[in-house]
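Structure record follows, encoded as structure tokens.
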Amino acid sequence: MSALPVLLLLLVSTPLTSGAQLPNQGQDKDLPIATNGEPFPWGRMRLPTTVFPLHYDLTIHPNLTTLDFTGVVRIQLDVREDTSAIILHAKHMQISNVLLLAPEGVRPLRLLEYPRFHQLGLLSDSVLIKGRKYEVQLEFAANLSDSFHGFYKSSYRTSSGEVRVLASTQFEATFARGAFPCFDEPAFKANFTIQIIREPRHIAISNMPKLKTVELPGGLLEDHFDTTVKMSTYLVAYIVSDFLSVSRTTQHGVKISIYAVPEKIDQTAFALDAAVKLLDFYDDYFDIPYPLPKQDLAAIPDFQSGAMENWGLTTYRETGLLFDPDKSSASDKLGITKVIAHELAHQWFGNLVTMEWWNDLWLNEGFAKFMEFISLDITYPELHVDDFFLEKCFEAMEVDSLSSSHPVSTPVENPTQIQEMFDDVSYDKGACILNMLRDFLTPEAFEIGIIRYLKRYSYQNTVNSHLWESLTNVCSSDDLDEGRMEHKEFCSKRDLDSGASKWYSGDELDVKAIMDTWTLQEGFPLVTVEVRGREVRLSQERYLKTDDPSLTEGFLWQIPLTYMTSASNTIHRFLLKTKTDVLYLPEDVDWVKFNVDMSGFYMVHYAGEGWNSIIKVLQHNHTALTSNDRASLIHNVFQLVSIGKVKLDTALELSLYLSRETEIMAVTQGFGELVPLYKLMEKRDMAALENQMKGYIVDLFRGLIDKQEWSDSGSVSERVLRSYLLLFGSVRNYPPCLTKATQLFKQWKDSDGNMSLPVDVTMAVFMIGARTPEGWDFLFEKYRSSLQMSLKSRFKAAMAYSPLQDKLNLHGEVMKTQDLPGVVVSVSKNPHGYKLGWDFLRANWNTLIKKSVTIPLMIVLYSCTFFDQGVRSFFGSLTEETGSGMRCIQQAYETIEDNIRWMDNNLPLLQAWLDKHSRRTIHEDL
């Protein structure tokens with residue numbers, strides 16, 4: 001969701017009379033200049049707090065033929081300070097007939113516009129008096145947006161080839177102002193009553209249920225919707241379309257409906273079941289009834305982000321909602337369930353309680369990401385979501401290890417900065433530090449605290465400190481009197497055993513002091529552990545991928561350390577508040593493992609003989625450690641190579657144990673650390689070393705690959721792992737996989753795609769099929785005609801990774817714009833297509849940046865293996881309007897430099913270790 005370039009608003013304005021009291025008076029001497037050359041009465045990007053909206057009465061009439069819309073909005077105001085100017089937002093629209101409805105009558109207001117801040121100034125000849133009630137009314141007109149933001153045009157093609165148009169909204173973060181004049185900041189909450197004018201061939205849906213439909217002259221219909229609860233503008237939503245729906249009612253009486261294009265309505269059953277189950281779960285878990293009578297989930301053909309939590313009308317990509325039991329994979333099922341869990345969690349975290357300003361976006365997104373895993377662990381235990389949580393923390397660490405990272409809570413002002421907050425730090429790091437806090441406080445105390453937070457701040461806006469206060473002294477709160485019985489029992493028992501003292505002694509637990517170190521400074525700690533007999537020496541520093549040590553200075557965290565030893569399964573706990581400290585073990589041990597299950601957002605370096613002790617236990621008895629512990633060790637040791645704390649030989653010696661690994665988290669992390677090593681060589685003309693590294697990885701996992709069946713049996717984790725292993729084996733030309741995938745593709749193609757392939761193996765089969773021109777063309781035709789979204793995604797991925805360079809040109813007339821960023825990334829990661837991907841990105845940068853916020857992801861992924869100096873010169877030529885200041889560009893630079901540094905420092909070591917390992921293997925075989 002990137003901010004669009006600012007265009008001039010075509011507004012009528014009249015001169016400002018002397019004597020009017022302005023919000024800016026006495027504050028800013030140099031007022032900005034409005035479009036008509038007069039001073040604009042407000043000089044800041046954030047709106048003044050002199051006037052607040054109470055209620056919007058909004059009528060919208062979209063024309064899906066001319067692709068524009070008109071409307072009228074009447075806003076009831078709460079004047080909190082005497083003023084003669086009302087400042088609000090509007091963007092890219094023509095405003096007319098601006099009226100003030102005052103107690104003494106109706107009169108016109110004069111209009112000024114300041115497009116740079118998307119602001120309107122409505123000026124009154126007389127002062128609006130504090131405490132009196134006023135209304136303003138504005139008529140407006142605009143084109144439907146051709147981006148994915150605001151009120152925008154979407155379209156889809158039926159199986160008969162007919163193109164059908166619809167109009168949908170996406171207002172987060174700053175795009176409601178492009179659909180109607182409003183106070184477009186999250187703290188300006190209000191109620192909304194919406195009417196939508198449409199043709200009879202369409203339906204309209206919005207946040208609330210429809211109350212009635214009125215016939216208008218000319219054959220049009222006007223749908224009237226019930227008034228919303230008090231909410232922020234970014235949560236308003238409406239859709240005009242030809243969608244069909246299926247519905248059910250939850251145990252709590254909420255009507256759930258899934259909307260989709262008519263030919264895909266048969267793919268909605270799974271989402272409907274999931275939404276019913278999850279809304280009921282949250283209703284009970286949060287102990288706060290869902291406040292609306294309905295919840296719609298709509299699959300939008302053109303949708304930029306994954307999904308959006310509009311209150312009562314959540315919107316999704318089609319791939320995020322539609323599921324075909326016969327053709328969707330286990331990972332599709334997992335992904336769809338997670339995204340529904342995420343958006344429904346937002347109905348409480350984000351919608352009911354909303355951050356005061358976008359600097360605390362993580363209060364919305366970190367919580368929703370975290371609740372995906374809490375909710376699905378209980379409602380869908382068969383999905384084993386715990387197997388996939390660590391991956392989120394590793395992804396967050398990847399971004400947070402760069403000097404261009406930002407604190408979880410960080411100041412933002414303009415729309416571009418706000419859009420850049422929607423990243424792995426806000427979502428994934430936010431979720432991971434909440435998980436750490438939950439483990440620290442205990443799950444029961446954490447649950448009591450967040451329910452207190454939601455109840456205390458319902459329909460309000462919050463900052464970080466409100467959450468920390470709610471999580472402090474959870475058992476001494478009056479809120480418990482009205483709470484659930486199990487919470488009272490927990491607190492009664494906690495009083496008896498003083499369980500919290502396991503973390504600290506003496507002083508009172510200060511949640512805010514601890515968590516401020518995790519939210520108000522960027523980065524995360526590296527804890528170095530050195531065991532000397534029974535003495536454990538601890539030290540902390542910032543983990544940072546840089547060759548400038550000064551950038552790691554001045555950082556200190558309060559770290560909830562957990563550890564276990566070879567002598568006991570007991571999890572020991574210690575709150576590290578200082579730069580260094582010492583622990584004493586009750587007995588000598590063979591090994592110690594810190595950050596048990598990686599519940600904490602920090603890495604661990606085992607100094608002295610520490611890593612050798614870990615390697616021994618992994619080689620001889622790896623199940624003495626949990627799969628999460630094993631995954632975290634693999635991750636940590638390879639990341640420590642990047643900053644020179646550990647030699648590459650040590651990391652590779654540790655990786656040898658993976659030949660006996662079977663658990664998904666550890667196996668995929670092993671791939672995640674080893675595969676990038678040969679990816680670094682693919683574009684450096686180092687074929688011999690590259691192939692040697694590929695051979696090592698295949699040999700490492702050969703036993704596990706050989707055990708995989710080409711079927712869809714097993715748990716979700718087993719199925720996801722199977723898909724990954726067979727795809728890797730096929731792409732790496734491992735003969736048993738290559739033969740089987742080639743055979744299955746031929747049979748599938750000979751059946752004209754009608755043969756039923758096991759879903760879990762389709763990615764491997766399609767990837768091999770795309771290697772021939774005939775196979776690629778066949779996949780492309782199936783992509784064009786398929787209505788099955790997850791199948792289309794696999795066709796697309798296979799075609800993008802083909803070695804046929806002439807086939808890798810991007811087919812914009814068939815590929816939706818929303819899919820282009822992902823395709824560019826896939827082509828760029830393809831060793832045969834990276835130049836095409838780069839050329840496309842460079843040539844279409846300006847168009848893409850207007851339409852899609854996934855470009856930051858594109859840059860980072862693309863830069864990981866790209867060393868051409870053209871990267872720096874291209875990004876250096878960008879202007880502010882075309883994204884020169886985006887954080888992701890700095891991330892791209894840093895990632896490239898880190899990769900170059902890694903290659904310079906480690907290539908000879910890698911070559912020597914692989915040679916030595918090869919000789920060792922030959923000797924063992926003899």
Side-chain angles (χ1 to χ4, degrees), residues 154-164 166 168 203 205 239 241-248 255-279 295-308 313-344 376 379-380 382-383 712 716 719-720 723 753-760 762-763 766 779 781-797 814-816 818-819 822:
S154 175
S155 64
Y156 70 94
R157 191 182 298 273
T158 68
S159 56
S160 64
E162 178 192 358
V163 175
R164 295 186 182 176
L166 59 133
S168 185
I203 63 161
I205 52 177
I239 301 169
S241 69
D242 67 343
F243 287 174
L244 298 180
S245 66
V246 295
S247 303
R248 263 179 51 201
K255 183 182 179 183
I256 305 282
S257 301
I258 312 290
Y259 285 83
V261 302
E263 289 183 313
K264 296 175 184 174
I265 198 68
D266 60 347
Q267 298 177 44
T268 56
F270 178 76
L272 183 60
D273 286 344
V276 168
K277 186 184 283 192
L278 284 161
L279 200 72
Q295 170 65 236
D296 298 335
L297 298 83
I300 312 296
D302 297 283
F303 199 77
Q304 182 271 313
S305 51
M308 178 61 207
L313 173 52
T314 51
T315 48
Y316 302 77
R317 275 196 180 203
E318 290 185 321
T319 50
L321 203 61
L322 304 180
F323 181 86
D324 183 334
D326 297 324
K327 294 179 180 174
S328 297
S329 68
S331 57
D332 294 329
K333 184 176 188 178
L334 178 67
I336 289 169
T337 317
K338 281 172 62 181
V339 77
I340 293 172
H342 184 102
E343 303 313 322
L344 296 187
L376 296 184
T379 56
Y380 285 89
E382 70 275 14
L383 292 180
D712 286 336
V716 168
R719 292 181 60 185
V720 172
S723 182
N754 294 316
M755 170 187 162
S756 181
L757 286 171
V759 179
D760 295 344
T762 51
M763 198 65 251
F766 296 160
L779 287 169
E781 283 309 308
K782 291 299 170 189
Y783 175 86
R784 290 170 69 111
S785 61
S786 177
L787 292 171
Q788 213 289 320
M789 299 315 298
S790 59
L791 199 55
K792 284 177 80 83
S793 295
R794 292 195 286 279
F795 290 148
K796 187 172 60 185
V814 176
M815 202 82 63
K816 279 189 167 288
Q818 67 176 20
D819 297 328

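Both backbone and side-chain heavy atoms feed into the values below; hydrogens, waters and symmetry mates do not.
The side-chain hydrogen bond (donor to acceptor under 3.5 Å, both in side chains) check on Thr158 picks up Ser160, with sequence neighbours excluded. Partners of Phe303 according to the ring pair (Phe, Tyr, Trp, His ring centres under 6.0 Å) rule, which considers only residues two or more places apart in sequence or in another chain, do not exist here. Residues satisfying the salt bridge (charged side-chain N to carboxylate O under 4.0 Å, His left out) criterion with Lys782, sequence neighbours excluded, are Asp752. Remark: Thr314 pairs with Gln295, Leu297, Tyr316, Glu343, Gln347 by the side-chain contact (heavy atoms from CB on, under 4.5 Å) rule, at least two apart or across chains. Every residue two or more places apart in sequence or in another chain was checked for a ring pair (Phe, Tyr, Trp, His ring centres under 6.0 Å) with Tyr380, and none qualifies. In this structure, the side-chain hydrogen bond (donor to acceptor under 3.5 Å, both in side chains) partners of Ser247, at least two apart in sequence or on a different chain, are Ser257. Remark: Glu162 engages Arg164 in a salt bridge (charged side-chain N to carboxylate O under 4.0 Å, His left out) (not counting sequence neighbours). Not counting sequence neighbours, the partners of Asp760 by the side-chain hydrogen bond (donor to acceptor under 3.5 Å, both in side chains) test are Arg719, Arg722. Take Ala271 and apply the side-chain contact (heavy atoms from CB on, under 4.5 Å) test, not counting sequence neighbours, and it matches Ile258, Leu321, Ile340.
Between Ile239 and Thr315, the closest side-chain pair of non-hydrogen atoms falls below 4.5 Å.
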Using atom types as modelled, flag every donor-acceptor pair under 3.5 Å from a side chain in residues 328-336 to any protein atom, sequence neighbours excluded.
unit_1 : atom_1 : unit_2 : atom_2 : d
Ser328 : OG     : Asp324 : N      : 2.9
Ser328 : OG     : Asp324 : O      : 3.2
Ser328 : OG     : Gln788 : NE2    : 3.2
Ser328 : OG     : Ser790 : OG     : 3.1
Ser329 : OG     : Ser331 : N      : 3.4
Ser329 : OG     : Ser331 : OG     : 3.0
Ser329 : OG     : Asp332 : N      : 3.1
Ser329 : OG     : Asp332 : OD2    : 3.0
Asp332 : OD2    : Ser329 : N      : 2.7
Asp332 : OD2    : Ser790 : OG     : 3.2
Asp332 : OD2    : Arg794 : NH1    : 3.1

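With hydrogens and angles ignored, the 3.5 Å screen pairs a side-chain donor or acceptor of Thr762 with a backbone N or O of Val759.
In terms of heavy atoms, Leu166 sits closest to Ser241 at CB-CB, 3.7 Å. Closest approach of Val163 to Ser155, counting heavy atoms only: CG1-CB, 4.1 Å. Between Ala260 and Ile265 the shortest heavy-atom distance is N-CD1, 4.1 Å.
Applying the salt bridge (Lys or Arg N to Asp or Glu O under 4.0 Å) test to every pair with at least one member in residues 256-277, sequence neighbours left out, gives these pairs: Arg248-Asp273, Lys264-Glu318.
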